[in-house]
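Only one structure is covered here, and it is reproduced in the block below.
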Amino acid sequence: MAAEAFPGIPRIPFEGPGSTNPLAFRHYDPDEMVAGKSMRDHLRFACAFWHTMRNPLGDPFGRGTAQVPWDDGSETVENALRRVDVFFEFLEKIGIEFYCFHDRDVAPEGHDLDASSEILGKVVEHLSARQEESGRKLLWGTACLFEHPRYAHGAATSCSVDVFAWASAQVRRALDATHELGGLGFVFWGGREGYSTLLNTDMQRERDHLARFLHMAVEYKESIGFKGAFYIEPKPMEPTSHQYDSDAASCLNFLREYDLLDAFQLNIETNHATLAGHSMEHELMVAAGAGRLGSIDANIGHPHLGWDTDQFPMDIAEAARIMLIVLGQGGFTTGGLNFDAKRRRESFEPVDLFHAHIGGMETFARGLKIADAIRRDGRIEEFVRSRYASWDSDLGRRIEAGELTLPELEKIAREQPPPVLASGRQEMLESIFNEFL
Ligand code: XUL
Ligand code: CO
């Protein structure tokens, strides 16, 4: 293996809460048991290849700033393989077990489909060897169906049937690659599956095409025996002005409408929830309520910027709210916490990759412990239970069982004194939550 890409940075140790070493964990001790499971197994951290290895840290007003001494900037296989080595050095030093990639992040596109497949095949072989050596695993793979100009009008929802065919080929190869690498899942984020203006768009036809595309992916998955999970990742806008997978509820509706609900779970991303005008908690509850919360893209937006800034998650209270829902559904099965996050443009040194991931991991370690403490305390859960206690009566049970009609309920309501309500106690509950931070 080549010289180290991060010389002088050792494997990040756990030093406990007293440490002031910025390249150490104070709260994330992977082996520490919380609620009967190690922190490592609860949190299932994953590193995103696209941000960690390929994001130059540009913004709409300025070019990239990231220092990448290992990358010669060429679109060659050699450069791609070198990036893989650097990535695995990073995974080992930071102590992250899983990773995620798009086909085009790991392997450059060739002059035609076959050439692209061949290049991808070489990189997959290399990834496979590195996985084997290091014990690292692929949380999910995906196909980049939004970067190339051919996808300007979308991929599965393109007005061009030829683009649909091209996207089908690309997903087929990306699924093969994910399967070969033992991936635990595959994500469909509809990067441009939406519209910029309805004046040029046949919305219903595009939605039908997207459903057809996903049905074919499910059929193909079964034909190759890929057992990983399929996830849809909601996002309301950006780059298009409206995307069909706009939020968790619209994804669930889409999946039900096209008889795809059994085949898909949701991968919920915090910054996408914000763009949709929802809290992350809301999106997670909608997904979990339908039994479809599969995985999380852990990042955060900026309160003053209305776009997908993909910052590292540093809000401990928000991490606690997220982990309350994850623990509430009994944890992750195939999914995990993928840092779909990039450093700020000003944090351009390689060591900043460590600071960023350590910060995110510490945030979720604390979020997990806080959520566990809130659950063991039980006051909030008990409040919610008792708030609905009237529904545990005979009347509530009969309504929930569908045994009563509107006229029967009218009779019951007339015979009773007017309803008496209790306070919702929001501020009291917020204060209880804050006690644990
Ligand atoms: C884009 C985004 C993607 C998906 C994978 O906003 O979140 O990186 O996670 O395509
Ligand atoms: Co994402």
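First listed ligand is number 1; within each ligand, the first listed atom is number 1. Bear in mind that the values here come from a model prediction, so they are computed numbers and not experimental data.
Atom 10 (O) of ligand 1 has its closest protein heavy atom at His102 NE2, 2.7 Å. Looking from atom 9 (O) of ligand 1 to the surrounding protein, the closest heavy atom is Glu233 OE1, 2.7 Å. Ranking the protein heavy atoms by distance from atom 8 (O) of ligand 1 puts Asp340 OD2, 3.3 Å first.
The shortest N or O to N or O distance between Thr142 and ligand 1 is not under 3.5 Å. Between His272 and ligand 1, a contact under 3.5 Å exists for at least one N or O pair. When only interatomic distances are considered, the shortest N/O to N/O separation between Trp140 and ligand 1 does not fall below 3.5 Å.
Atom OG1 of Thr270 sits about 5.5 Å away from atom CD of Glu318, to the nearest 0.5 Å. Atom CD1 of residue Ile94 and atom CD of residue Glu89 lie 12.0 Å apart, to the nearest 0.5 angstrom. In this structure, the separation between CD on Glu233 and CD on Gln243 is 10.0 Å, given to the nearest 0.5 Å. Expressed to the nearest 0.5 Å, how far CD of Gln265 lies from CG of Asp262 amounts to 11.0 Å. Distance CD1/Ile358 to OG1/Thr363: 11.5 Å, rounded to 0.5 Å.
No side-chain heavy atom of Phe98 sits under 4.5 Å from any side-chain heavy atom of Arg136.
The six-membered or imidazole ring of Phe364 lies away from that of Tyr28, with a centre-to-centre distance of 6.0 Å or more. If you look at Tyr231 and Phe188, their ring centroids are not closer than 6.0 Å. When ring centroids are compared, His357 and Phe312 come within the 6.0 Å threshold.
For the Co ion (ligand 2), protein N, O or S atoms closer than 2.8 Å were enumerated as Glu233 OE2, Glu269 OE1, Asp297 OD2, Asp340 OD2, with waters left out.
When each atom of ligand 1 is checked for a heavy atom of Asp297 under 4.0 Å away, the hits are 9 (O). Using a 4.0 Å cut-off to heavy atoms of Asp308, the atoms of ligand 1 that qualify are 6 (O). The atoms of ligand 1 that sit less than 4.0 Å from any heavy atom of Lys235 are 6 (O). Atom numbering of ligand 1 starts at 1 in the shown order; those under 4.0 Å from a heavy atom of Trp50 are 8 (O).
Residue contacts with ligand 1 for Asn267 are absent, since no atom lies close enough (heavy atoms, distance under 4.0 Å).
No cation-pi contact links Lys221 to Phe186, judged by a cut-off of 6.0 Å to the six-membered ring centre and 45° from its axis.
Across every non-hydrogen atom of Gly154 and Thr157, the tightest pair is CA-OG1, 4.1 Å.
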